Amino acid sequence: NAGVTQTPKFRVLKTGQSMTLLCAQDMNHEYMYWYRQDPGMGLRLIHYSVGEGTTAKGEVPDGYNVSKKKKQNFLLGLESAAPSQTSVYFCASSTTGPVANYGYTFGSGTRLTVV
Amino acid sequence: RKEVEQDPGPFNVPEGATVAFNCTYSNSASQSFFWYRQDCRKEPKLLMSVYSSGNEDGRFTAQLNRASQYISLLIRDSKLSDSATYLCVVNRGSSYKLIFGSGTRLLVRP
């Protein structure tokens, strides 16, 4: 019962490099989310998906792209990494409809450093 | 103004103490409320949902005051293992999107 799995767990990039963060969930959730967490700022939504092939921008989408070709996988891409993208990235998933009482299930995070 | 505001703390309490955290939210249309717990360098985990009538789960009690737009979390008989950051979480209006507060840090000392 894996829940939400993120890979990689750690990564160091040089400015201008690209990479893709992978998120997979096995709970048959429809909705998936990418957040970043920075000290003192809480979790901020980057992009989210409300179903297979459907994505939308969150609060801080600039510099990121996403792909959701399968219901269970949600990819976050950095095309040209910048030091400001140094952060901890969390993927989460949830069931459909109103959030009601179930909240989100989070992956264990990816710690990204851009030098 | 932030959509969800919390006192960052830290709250430093002895084992066995009772401690309370408050959180305010700005969107009066919000309908779903949660407390999450986040341990250092770990992912947030759902601690409890917050219901209109208030609810209790063991040593934890959550209250919602819609008129004043605040949520509280009370922890009784604090344990060392309660040391963590507690995140107040509210949905944005009537949507499924959740807004996370920056968290309140709790340190329980022996």
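Source: prediction; values computed, not measured. Keep in mind that the numbers below use all heavy atoms, side chains included, and drop hydrogens, waters and symmetry copies. So that the names make sense, note that chain A is the first sequence line, chain B the second, and so on, each numbered from 1.
Of all residues in residues 99-110 of chain B, those placing a non-hydrogen atom less than 4.5 angstrom from a non-hydrogen atom of chain A are B/Phe100, B/Gly101, B/Ser102.
Only the side chain of B/Lys2 comes within contact range of chain A, judged by heavy atoms closer than 4.5 Å. Only the side chain of A/Arg111 comes within less than 4.5 Å of a heavy atom of chain B; its backbone N, CA, C and O stay farther away. Neither the backbone nor the side chain of B/Pro8 comes within contact range of chain A, judged by heavy atoms closer than 4.5 Å.
Atom NZ of B/Lys45 has 12 or fewer heavy atoms from other residues, nucleotides or ligands within 6.0 Å. Other residues, nucleotides and ligands contribute more than 12 heavy atoms inside 6.0 Å of the CD atom of A/Gln17. The 12-atom threshold is exceeded at CZ of B/Phe60, counting heavy atoms of other residues, nucleotides or ligands nearer than 6.0 Å.
Follow the hydrophobic side-chain contacts under 4.5 Å out from A/Tyr48 and you never reach A/Leu78; the two are in separate clusters. In this structure, B/Val19 is a member of the same hydrophobic cluster as B/Tyr86, with clusters built from ILVMFWY side-chain heavy atoms closer than 4.5 Å. At a threshold of 4.5 Å between side-chain heavy atoms, the hydrophobic network of Ile, Leu, Val, Met, Phe, Trp and Tyr places A/Ile46 and A/Val88 in two separate groups. Cluster membership for B/Ile75 and B/Phe11, using ILVMFWY side-chain heavy atoms within less than 4.5 angstrom, is shared. Cluster annotation: A/Trp34 and A/Val50 are assigned to distinct hydrophobic clusters (Ile/Leu/Val/Met/Phe/Trp/Tyr, side-chain heavy-atom contacts under 4.5 Å, transitive).
The line from CD of B/Gln38 to CZ of A/Phe106 is 8.0 Å long, rounded to the nearest 0.5 Å. Here the CG-CG distance, from B/Leu87 to A/Leu43, works out to 6.5 Å after rounding to the nearest 0.5 Å. Distance OH/A/Tyr35 to CG/B/Leu98: 5.5 Å, rounded to 0.5 Å.
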Pair A/Gln6-B/Glu43, side-chain hydrogen bond (donor to acceptor under 3.5 Å, both in side chains): steps then yes or no: CA-CA 11 Å; A/Gln6 289 183 236; B/Glu43 73 273 23; over 6 Å; no
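For B/Tyr36 (side chain) and A/Tyr104 (main-chain N/O), a donor-acceptor pair under 3.5 Å exists by modelled atom type.
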